[in-house]
Amino acid sequence: MSVGLTEALERDSALNLDQAAVGCNFQVTSLKGPACRQLREIGFCEEMRVRKIADGRTLLCAVCGTRLALSRTLAKQVRVTPV
Amino acid sequence: MSESGEHTLLPKVALVGHPNVGKTTLFNALTGENRRVGNYPGVTVERSSATLRTPHGHELELLDLPGAYSLSPNSPDETVTRDVLLGDLPDEPAPDLVICVVDAASLERHLYFVLQVIDTGIPVVIALNQVDRAEDKGLRINRQVLADELEVPVIACQGTTGRGIIQLKQTLRFPFPPPTPRHWKGPGAVEKAIEKLRKKLAEAGIERAQAHAIHLLADTGYRVEAQSHLTPEAQVAAREMASECIAKDHPPEDEITEARFLCIRRTISASVIEKGSEAESLSDKIDRYALHPFWGWVIFGAVMFAAFWSIFRFAGIPMDLIEKGFGAMASGVSSLLPEGDLRDLISKGVIEGVGSVVIFLPQIVLLFLFIGLLEGSGYMARAAFLMDKVMSRAGLTGKSFLPLLSGFACAIPGVMAARTINSPKERLLTILILPWMSCSARLPVYFLLIPLLVVGSLAQTMVMFLMYALGTGTALLAAWILGKRIERSEPTPQFLLELPPYRLPDFGYVLRHVLGRALSFLKKAGTVILGIVIILWALSSYPKAPEGEDQLAHSVMGRIGQAIEPVVEPLGWDGRMGGAMLTSFAAREVFNGSMAVTFAVDEDAEEDDDAVRDKIRERISTAKKEDGSPRYPPLTILSLLIFYIYALQCLPTTIVVKNETRSWRWALGQLAGMSAFAYVAALAVYQGGKLMGF
């Protein structure tokens, strides 16, 4: 499979963390929004693996061995792909 | 706590790291101190220090700094850490060495901060905490490779067990290692900008030019916020350099962040081996219920109710002992001293007044024990998670709940803990409503009055629970109303919180902490409250009434009561209660002492051995008006309780609010607003109750 096709498939499967399914593992692909610096510093940086544990108004995620709670608005700023 | 500058001659070592990584536990283990710790982020919000002696006999000053995720601060407590490390605080030179405390179980997340600290040009030692937990999670860290990659010593340690403390102290030997060079390299344009800016800053005489140059380019906020350590020209130069980089399509913030993350990935791939995927931990299993949309609330309610119930249920035995002790003291004084003012002062003033407050020591101890266990277990962060939805209705987030919960112990640390909130508006709202969280100083008043309303520990617990719920509910309502009136052009605050793993609390620390709070309560009773009750006794005993006249009515206190009576009468109170309420503006607990002293002075009968609290309650419940009706019916007691939920009778809180908001307007406005609200609420309850026929 060519590199271009792989990238296109990854781009197509990318979604925001708030849309991601509970119990699945993802990888952060990019961050976009006013809080991206803060999100990166707390652990949601590019290439980091994330597992979504709970959904709702406030999301619960496992990042690098730590549980992080974040609001839905912040989760919208994290773009992930399933792994 | 040492003030800044106290140990200026000693070499300075700073402990830094993410919030709740175990800095203060390590600080206590290194120095033998007993500073406040807890298993949730944001316990340490200000700089504190103590002296440390190395195995080689050298003395050092060890600084404990607030936790920070990065040196680009998001809240006031993180700003303190950045300013200390960059040497930006007046009279506070940058430390000579930094111990970066890192959680081994989430090393990758912590390395960004470590790289930022290395970039300050201060020698760094990494304290790798919780290695066992990392191994349980399937991570194996090669410490030697990590040390070689980062070119800094790496010491495995565990503050709670003392593991690695000796090795850590040994790395603090003189001379300290030289600063580690920066590990990342940005694109040419950014590197050129750093070098040009460094030269400009050095020419302008700014210390630590390289560290400031990197930070000025890496953090937009640092380029624009007022910095006493930097000249406006330096910031203008930094803005020009940043603009040049942006023009070349290399925004310095993004490029520096990216370069640091590249370095982190390289370091992690070299030093960490994952031995399989992470299994579900015990914390995860507990959280399935503790954070469940339904069961989470059931557990939260049960935990809170059990705490209040145990306070009522288990305090009885030690309270009886304390009462017997004070009763025996009063009898002893009565039999030893001849009748006269000295005997009255000691038995009716000092013993009754102070006894009526000290009697509630067991409840205070139980409250602090409960809060200590909650703080140490990790449940506080879960409570904040659950409360986020409720808090959002009031324009706050779950993050505000942590300072508010601290306010149940004392408003002052609660107000200071609001520094962890990054939104200035949310922080201000939290500070403004926080005194409505019923603090421990209100407990003696509640415990004196609640048994006058209902009988039985279950019913009394229910009333107590309602009082706390009423204070908290009104506070959130006030935040909602105030939030609409305080105009700030900032986005809606967003909740972002790390949930620590559950841990068994460090019982030794919790007991030491509770003992400290109990001693502080007794000290207050033996100094401030003792002083006030002596003054109250004198005001209630002089001038002496002629034979046959009522002593209290004739005394200064009685006259003060008469003067205030028209103001408090609509609340259902008499002058005695009004006077006691006035004196409790010095300290809330004085209400009990004031009631005890004025009743004792007023009583002609000989001193008996009745228990202090029963005696006050009996006097309150049997007091009659001239027409024979009860002087203090339940409605009056309820109105008094309502007043105490809402009144801000704590001068130190007002001063701390002024310091935290940097405004007398907010502090005095809060004092006036809460006092007025307390009066109106008590008035509404009493008059409303009367209209309804109670």
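Side chains included, hydrogens not; waters and symmetry mates left out as well; all remaining heavy atoms used. Chain naming here is simple, since letters A, B, ... match the order of the sequence lines and numbering starts at 1 in each.
If you measure heavy-atom distances from A/R72 to chain B, you find no contacts under 4.5 Å at all. Only the side chain of B/N422 comes within less than 4.5 Å of a heavy atom of chain A; its backbone N, CA, C and O stay farther away. For chain A, the nearby part of B/R133 is the side chain; its heavy atoms alone come within less than 4.5 Å. Neither the backbone nor the side chain of B/P41 comes within less than 4.5 Å of any heavy atom of chain A. B/D388 touches chain A through backbone and side chain together, each having a heavy atom under 4.5 Å away. For B/I264, no part sits under 4.5 Å from any heavy atom of chain A, backbone or side chain. Using a 4.5 Å cut-off between heavy atoms, A/A69 contacts chain B through both its backbone and its side chain. Contacts of B/S283 with chain A are absent, with no heavy-atom separation under 4.5 Å from either backbone or side chain. Proximity to chain A (any heavy atom under 4.5 Å) is shown, for B/H110, by neither the backbone nor the side chain.
Using a 3.5 Å distance cut-off with no hydrogens or angles, the side chains of B/S281 and B/D284 do pair a donor with an acceptor.
Without hydrogens or angle criteria, B/R82 side chain to B/E78 main chain gives no donor-acceptor distance under 3.5 Å. For A/Q19 (side chain) and A/N16 (main-chain N/O), a donor-acceptor pair under 3.5 Å exists by modelled atom type.
Atom CZ of B/R393 has 12 or fewer neighbouring heavy atoms from other residues, nucleotides or ligands inside a 6.0 Å radius. Other residues, nucleotides and ligands contribute over 12 non-hydrogen atoms within 6.0 Å of the CH2 atom of B/W297.
Using a 30° and 60° split on the angle between ring planes, B/Y112 and B/F261 fall in the parallel class, below 30°.
Contact count versus chain A (heavy atoms, under 4.5 Å) is highest, among B/S392, B/A105, B/A384, B/P501, for B/S392. Of the listed residues (B/K389, B/R265, B/H292), the one with the most heavy-atom contacts under 4.5 Å to chain A is B/R265.
Between the CD atom of B/Q158 and the CD atom of B/Q130 there is a distance of 5.0 Å, given to the nearest 0.5 Å.
Using a cut-off of 4.0 Å between Lys/Arg side-chain N and Asp/Glu carboxylate O, A/R40 and B/E253 are scored as not salt-bridged.
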